**Student:** 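Encoded as structure tokens, here's the structure I'll be asking about.
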Protein chains: 2
Amino acid sequence: MSKVEDAREDSRLRAADAVVAQLESRILSGKLADKQPLPSERELMEEFDISRTVVREAIATLSNRGLVESKPRFRPVVRKPDFDTIINATDTIIRNMLTDPSGVLSLYESRIFVERGLVREAATTATKEDIALLKQALEANKAAINDSLQFFRTDLEFHRIFYELGGNPIFPAIHKAYSAWLWPYWERMKRAPGRNERNYLAHKSIYDAILERDPDAAEEALQSHLARAWEDVGLTMEVSVSLDRSADKG
Amino acid sequence: MSKVEDAREDSRLRAADAVVAQLESRILSGKLADKQPLPSERELMEEFDISRTVVREAIATLSNRGLVESKPRFRPVVRKPDFDTIINATDTIIRNMLTDPSGVLSLYESRIFVERGLVREAATTATKEDIALLKQALEANKAAINDSLQFFRTDLEFHRIFYELGGNPIFPAIHKAYSAWLWPYWERMKRAPGRNERNYLAHKSIYDAILERDPDAAEEALQSHLARAWEDVGLTMEVSVSLDRSADKG
DNA sequence: TGGCCGAGTTTGGTCGAACCAAAATTTGTT
DNA sequence: AACAAATTTTGGTTCGACCAAACTCGGCCA
């Protein structure tokens, strides 16, 4: 008997949606194990007694929902959702939204907000091990001052540590998102002489404040650090903004 | 000429993906205006010189991405993405993730983190108008103590104000998300006598701290308020996960 | 024995024609 | 002008077919 029909005596719904629901529950319950390939489309169409068209639509939806990973021409692979999944699913939308400069600013503001909280947290609750991690990242950052690409990497890594501290898996995912979405704007940042040095010192002052268990100082250091960084980027953005406006009027 | 082929001399890609990209750019550029119906599937298949199968797949993807709204049997409607769109696109994933209690905890922890920052911000930078809003919400909350449903609404509203303060559109979207995702758990919260009263007092203490421009007190009040709320919910969840972070400063 | 290669099979990607039922549109009637 | 019926359009679904890329597996050669 068709398992789909049961959940679909109401013909106003899509058949694919019922299949999606079925597969979804199987994935979540573990009947379809993580990292394992989905049954072939032809198997599924037989089992659910539907056309392959519907099967494909269902799989496409699952893919967009992040429950399976599907590369073209390859068997879709089951993937239990985690917070990273959300970032991926959200990616295109965000990128679209970031075509508006004010969207970038909003995003960056939110990042500052989050990191202010994170450094406060670090200043009050960081363990010796946490601080050791920070110190290590800081020194790597210092060592890379003359290699801008490497400096950027260690910069990212230094900030990332704060997102890891609480052990809450949401925050690393957020850091990943910020990095991915704001990266393009950082790439265009001009290479002012002494910029790396300045940023390293900013990192150090944050670190020092944490060492001294001073959340206010840490927050302040972080805030001015990121505000300054925005200025570096904002200059190049303002150009494109005004360009857009003149293009609009024309 | 087929517009799809151009972006697809590499046959390893899906035809649907190219169509998605095309329509996506048209929506973002405004060539396909917001709130306007998409061309019919048969028109699209002719224009792009592809089969309807591919058209449907493309539309399904756009729908999942949140760029069009498609109810079964109705013409899909163009929808320019905003931060709310993200929440909707993310919704199913999150709900799936929340089948795991630890996921709920992570989410709730992140909410506490965010709101701690928000009330600190409010305590330092809230304008007279902001404070008036808070006072109004607080009084509405007080007036609803004996009507649990109404109390819940005013409770939500009180918290929402903090998310509105900065004027950053990301935060209201986040509040909406937290409300939607955590709602089911709150609904199951037991109706202990005096609970509304207690929560109102907690809100008041937050408000008072903001009045006195004391971010530490505001944060502390918020923290204990939400931690206590979690206990009310946690009991019914039959999961004993502790939330004590002892992050309070002496 | 072990790794490489190629024929044969499976599987995903795409097409096209067709049918149905519901929505949208037009026509007809009062 | 308003409402009801007939007609066209459109989305949802099925079936069958074809292609090319991925996968399998068994034989060849070192």
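These numbers were taken from a predicted model, which means no experiment stands behind them. Heavy-atom basis, side chains included; hydrogens, waters and symmetry copies ignored.
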**Student:** How many Å lie between CG on Asp17(A) and P on dG12(D), as a whole number?
**Tutor:** 10 Å
**Student:** Whole Å only: how far is the CG atom of Leu44(B) from the C1' atom of dT9(D)?
**Tutor:** 15 Å
**Student:** Apply salt bridge (Lys or Arg N to Asp or Glu O under 4.0 Å) to Glu46(A) and list each qualifying residue two or more places apart in sequence or on a separate chain.
**Tutor:** none
**Student:** Judged by each residue's nearest nucleotide on DNA chain D, which is more toward the 5′ side, Ser40(B) or Thr53(B)?
**Tutor:** Ser40(B)
**Student:** Do any N or O atoms from the side chain of Asn64(B) and from the backbone of Ala60(B) form a donor-acceptor pair under 3.5 angstrom?
**Tutor:** yes
**Student:** With under 30° as parallel and over 60° as perpendicular, where do the rings of Trp183(B) and Phe152(B) fit, or are they tilted in between?
**Tutor:** perpendicular
**Student:** Cut-off 3.5 Å, side chains only: do Ser70(A) and Arg14(B) have a donor facing an acceptor?
**Tutor:** yes
**Student:** Tell me: CD of Glu43(B) to P of dT10(D), nearest whole Å?
**Tutor:** 6 Å
**Student:** Does Arg52(A) reach a base, just sugar-phosphate, or nothing at all? Heavy atoms under 4.0 Å.
**Tutor:** base
**Student:** Please confirm whether the shortest side-chain N or O distance from Arg75(B) to OP1 or OP2 of dG11(D) is below 4.0 Å.
**Tutor:** yes
**Student:** Quick one: Arg42(A) CZ to dC15(D) C1', roughly how many Å, whole number?
**Tutor:** 13 Å
**Student:** Is any side-chain N or O of Arg56(B) under 3.5 Å from a base N or O of dG11(D), one able to act as donor and the other as acceptor?
**Tutor:** no
**Student:** Name all residues meeting the ring-ring contact (aromatic ring centres under 6.0 Å, His included) criterion together with Tyr163(B); count only those two or more places apart in sequence or in a different chain, and write none if there are none.
**Tutor:** His175(B)
**Student:** To the nearest Å, give me how far apart CD (Glu57(B)) and P (dG13(C)) are.
**Tutor:** 7 Å
**Student:** Starting from P on dT14(C), measure out to CG on Asp49(B) and report it in whole angstrom.
**Tutor:** 13 Å
**Student:** Checking side-chain polar atoms at under 3.5 Å, does Thr85(A) have a donor or acceptor matched by the opposite partner on Asp82(A)?
**Tutor:** yes
**Student:** Under 3.5 Å, is there a donor-acceptor pair between the Asn168(B) and Ser110(A) side chains?
**Tutor:** no
**Student:** Compare the minimum distances between each of dC15(C), dG11(D), dT13(D) and the side chain of Ser51(A), then state the nucleotide with the smallest one.
**Tutor:** dT13(D)
**Student:** Tell me: CD1 of Ile50(B) to C1' of dA17(C), nearest whole Å?
**Tutor:** 17 Å
**Student:** Can you tell me how far C1' of dT11(C) sits from CG of Leu38(A), to the nearest Å?
**Tutor:** 13 Å
**Student:** By nearest nucleotide on DNA chain D, pick out whichever of Met45(A) and Phe74(A) is the more 5' one.
**Tutor:** Met45(A)
**Student:** Under 4.0 Å: is that the gap between some side-chain N or O of Arg73(B) and OP1 or OP2 of dA23(C)?
**Tutor:** no
**Student:** Tell me the bend of the helix from dT1(C)-dA30(D) to dT30(C)-dA1(D) as the angle between end helix axes, each from five pairs, rounded to the nearest 10 degrees.
**Tutor:** 10°
**Student:** Choosing from dT14(D), dG12(D), dG13(C), which nucleotide comes nearest the side chain of Glu41(B)?
**Tutor:** dG12(D)
